[in-house]
Protein chains: 2
Amino acid sequence: MATIKDVAKRAGVSVATVSRVINNSSRVTPETREAVTKAQDELNYHPSISAKIALRQDSDIIGMMIADHSDPYFGQMVKVVDQLATKEGMSLIVNAGYRDADRERQCIDELIQKRCRIIIAHSMNLRDDILIRYMANQKSMILINRNLRGFPDRCVYLDDEGGAYLAVKHLIQNGHTKIAYIRSSHQVDDAEQRFRGYVRALEEAGITFNPALVVSEEPTPQGGEQGAETLLGLSQHFTAIACYNDMQAAGAMAILSDNDIRIPENVSIIGFDNTAISRYLHPRLTTIMNPVSAMAISAFSIGLAIVKGEDASVHSRVFTPTLIKRFSVRDLRSF
Amino acid sequence: MATIKDVAKRAGVSVATVSRVINNSSRVTPETREAVTKAQDELNYHPSISAKIALRQDSDIIGMMIADHSDPYFGQMVKVVDQLATKEGMSLIVNAGYRDADRERQCIDELIQKRCRIIIAHSMNLRDDILIRYMANQKSMILINRNLRGFPDRCVYLDDEGGAYLAVKHLIQNGHTKIAYIRSSHQVDDAEQRFRGYVRALEEAGITFNPALVVSEEPTPQGGEQGAETLLGLSQHFTAIACYNDMQAAGAMAILSDNDIRIPENVSIIGFDNTAISRYLHPRLTTIMNPVSAMAISAFSIGLAIVKGEDASVHSRVFTPTLIKRFSVRDLRSF
DNA sequence: GTGAAAGCGCTAACAA
DNA sequence: TTGTTAGCGCTTTCAC
């Protein structure tokens, strides 16, 4: 691999001049510039970013930690940050922790080792004390989907409890009282919050909570299939299923449909997240809007403001979910 | 940010010893190791990867270029490579070019500048001559979804033409002759190949190709919606629609359904790629299996073999699509 | 406008 | 087992 020295030699100039041409850092005569560019091209020279970072001690890299590369929810989040980063002339590195605490630590350590200027982390399994330590040391680290005590201005999150409450309240307002819930089997904050929203909506409506109508499954279509099968086997009567997320809803709908149970005529379904898939299920899924893009923009903006020494408090930190009405919930009161 | 010197000073040893502890590179007495680890921890020291790369000239980073972070197709590809990389103790960087030639070049340049040991690129818009130049200079660069002349052993791709042929032949075998096609509006190889497969299947069956039944749309659900609307407005009779991919199929199905056209009773649909979504559409989508994971594994294995100086020719390079029969195609012959 | 040289954080060869 | 030191590719200051 050609180095700056090779280019300098070939162009008959010093390395300093080559550096200046590469970085447009100060005036260089057109002839010199031409000669350098030519040499660069002939040698297929690509400056080493590492050498630059080693020397300069800062990097223009923004690092993200997400749970899973193959999950479109995170895909959207990454895309938004990627486009903002590009606009700022920064580059992006994304690590996925796959919901494993050790792997998550590794991912964040790697981002630090690569000297990312901003770190945006969506941690699923890291304990508070570990995150607190990272946050304390990385002044431009932002957390998505977590409200960590001590760092109110660097935590961007959704009101998950309120979202689930909204979903279940919508079912109740449509006359449902026997409402099953497929929760996430992961031990994460949002799973707990969403479940709590379900319980609160029931309680507020004076409906007694029936633990037999709650199943715990992976937050995937397969989990939804499994959950629906379990619920059907229970021979407990229910008229609606609220799900942890849209993926589970998709799986549950497939199983219901396989069993000739019509949606929403026989059973109503409500999802969460408003993932792309929800618009293409049949019937189109009523769900809760999770403003991922807006949260990603906010997280990025806060990080950027910190790095630039600007005021970060102008950006939103807690986001409110809203109901997206489609066709998977039946109004029982009109019958 | 603490440096290796700070740690050395605090632990009362030399930087070389700290380096040895970090890299487990040679024997160190337990007491020394302990002292170093303690100092590291107290100072929150994270070694700079950049300094290491600058010095060692190689990196254990594997770089990928994909089209779009938010597309689950690429998400799956990235996940597979990520897990293989982790197993090899390597880290992963992914850049997305969003189907723009300039951005794609930037992405690849960035991967080179970061001194990735292996580069896996899925280029949509780069011209052959540009790719040839990159491939010639980057000996461990692998191309996915492209058969670049001159580099047969570093190109991993799907027989797209054969896949579309398979799809349309399946429709024909089920008695369809008026077959519409929604193609991708992108000027990329696979779009052209798949379209060719459609035409060949028709020709082989003696069905005259009707250009009025072909519409060109974005490879997204929105594109599929648009395409279906156009086709319906044409008042040209058709009994089946073959799509460039599953996303388009999902969108088309939603539009058909909105217009009370039943699938497959009134119109059959076939997709391409066997994306996760295809199993959760209603009815479940008959489609063509695109073995992304297998291709990603192959690309990675070839790259690794090159880097290790092993024989790369044992890994598959061209992949054959297969038909996944589900419930979106009706057999017209039984009526 | 250009060059010489110092130095970033780190590893590895060599010495002790 | 540990320390000293050269040097990786690059940027930047200071001369000229």
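In what follows, chains are A, B, ... by sequence order, proteins preceding strands, each numbered from 1.
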Checking A/Val78, A/Asn145, A/Val156, A/Ile142 against A/His122 for side-chain contact (heavy atoms from CB on, under 4.5 Å), the one that qualifies is A/Asn145

Taken to the nearest 0.5 Å, the spacing of B/Ile306 CD1 from B/Asp153 CG works out to 7.0 Å

Audit row: B/Ile61, A/Lys114, side chain to side chain contact (heavy atoms under 4.5 Å, CB included) steps and yes/no: CA-CA 11 Å; B/Ile61 298 176; A/Lys114 286 183 179 155; 4.2 Å; yes

List in chain and number order the residues that pass salt bridge (charged side-chain N to carboxylate O under 4.0 Å, His left out) with A/Arg10, two or more places apart in sequence or in another chain; answer none if no residue qualifies. A/Glu42

Please list, in 5' to 3' order, the outermost nucleotides of DNA chain C lying under 4.0 Å from any heavy atom of chain A. C/dG1 to C/dG9

Of B/Ala54 and B/Gly12, the one whose closest nucleotide on DNA chain D sits nearer the 5' end is B/Gly12

So, is B/Ser26 near the phosphate of D/dT1, with a side-chain N or O under 4.0 Å from OP1 or OP2? no

Test side chain to side chain contact (heavy atoms under 4.5 Å, CB included) applied to B/Ser123 and B/Leu131, step by step: CA-CA 9 Å; B/Ser123 171; B/Leu131 282 176; 4.2 Å; yes

Between the protein and nucleotides 10-13 of chain D, which nitrogen or oxygen pairs come in under 3.5 angstrom?
{"residue": "D/dC10", "atom": "OP1", "partner": "A/Tyr45", "partner atom": "OH", "Å": "2.5"}
{"residue": "D/dC10", "atom": "OP1", "partner": "A/Ser48", "partner atom": "N", "Å": "2.9"}
{"residue": "D/dC10", "atom": "OP2", "partner": "A/Ile4", "partner atom": "N", "Å": "2.4"}
{"residue": "D/dC10", "atom": "OP2", "partner": "A/Tyr45", "partner atom": "OH", "Å": "3.3"}
{"residue": "D/dT11", "atom": "OP1", "partner": "A/Asn23", "partner atom": "ND2", "Å": "3.1"}
{"residue": "D/dT11", "atom": "OP2", "partner": "A/Ser19", "partner atom": "OG", "Å": "2.9"}

Please determine whether side-chain hydrogen bond (donor to acceptor under 3.5 Å, both in side chains) holds for the pair B/Tyr134 and B/Asp109, giving the CA-CA distance in whole Å, both sets of side-chain angles, and the decisive distance to 0.1 Å. CA-CA 9 Å; B/Tyr134 279 123; B/Asp109 284 344; 2.8 Å; yes

Residue A/Glu34 excluded, over 12 heavy atoms near CD under 6.0 Å: no

Flag if over 12 foreign heavy atoms under 6.0 Å of CZ, A/Arg105: no

